[in-house]
Amino acid sequence: MTRLFEEWGVWGILFSQLLEGSSFPFVGSAFMVTAGILMDLSWLDVVWVSLGRSLFYTVGSYIPYFIGLKLGESAERKISSDKRAKLDKTKKAIRKYGNWCVAVLSPLPIGNVVPFFAGMSKMNIWKYSLLTVMGTFPATLLFLGIGYFYSGEKGRAMDMILLLQAIFFIAFTVTTLLITVMKFVGKRKPNKQKNF
């Protein structure tokens, strides 16, 4: 990873955020802390990189936004009525609290689904863009700042980051497998109806 920062520099950060914004499964927060530790950035650089990261993330998120905008209605018609009711409830909440949903949820791991719902809810693209930047900028500033202010040994920090990434990946994989198995087992059980 150190080689990536040496070769790509700030452009590596920006490209990675373009990927993350497009809903590609990527853990950007760990990447930002790592960048803050390994790159020799001034405090002003941290601010500018954070703003650039937010803009690149927003541009990348246009892919799922427009997928939600264009395919949302046809996808809704294909899901069951109970799931459609949940989706309608979510869309209603986004319309009611949309400004805050986009700004608050974008920097979180769940933020990758926000553009889909924003598109399905037909949120204005300019409002969506502004709110995404407003939500992701402070988070990026925080994560790069953590790396910037870290004064310890860089090798130990990298070992810890790699360990935490491995733990996260294993936990994510196990959780996904458990959910998949539970859904599969739940579908195979016959419904027992009581006869009166």
Report whether Leu142 and Leu44 are members of the same hydrophobic cluster (ILVMFWY, side-chain heavy atoms less than 4.5 Å apart, transitive linking). yes

Qualifying residues under side-chain hydrogen bond (donor to acceptor under 3.5 Å, both in side chains), relative to Tyr128, sequence neighbours excluded: Ser61

Taking only residues two or more places apart in sequence or in another chain, which ones pass ring-ring contact (aromatic ring centres under 6.0 Å, His included) with Trp43? Tyr148, Phe149

What about Leu177 and Ile179, same hydrophobic cluster or not, with Ile/Leu/Val/Met/Phe/Trp/Tyr joined at side-chain heavy-atom distances under 4.5 Å? no

Are Leu71 and Val114 connected into the same hydrophobic cluster when the rule is that any two of I, L, V, M, F, W, Y join if their side-chain heavy atoms are below 4.5 Å apart? no

Using a 3.5 Å distance criterion without hydrogens, assess whether the side chain of Tyr65 forms a donor-acceptor pair with backbone atoms of Met123. yes

Roughly how far apart are Ile125 CD1 and Thr58 OG1, rounded to 0.5 Å? 9.5 Å

Phe137 versus Val47: any side-chain heavy-atom pair under 4.5 Å? yes

How many angstroms lie between atom CG of Leu55 and atom OG1 of Thr132, to the nearest 0.5 angstrom? 10.5 Å

Between Thr136 and Ser54, is any side-chain donor less than 3.5 angstrom from a side-chain acceptor? yes

Applying the 4.5 Å side-chain criterion to the ILVMFWY set and letting contacts propagate, would Val104 and Phe116 be lumped into a single cluster? no

Under a 4.5 Å cut-off applied to non-hydrogen side-chain atoms, are Leu69 and Phe66 in contact? yes

Cluster question for you: counting only ILVMFWY and a side-chain heavy-atom cut-off of under 4.5 Å, with indirect links fine, are Val59 and Ile67 together? no

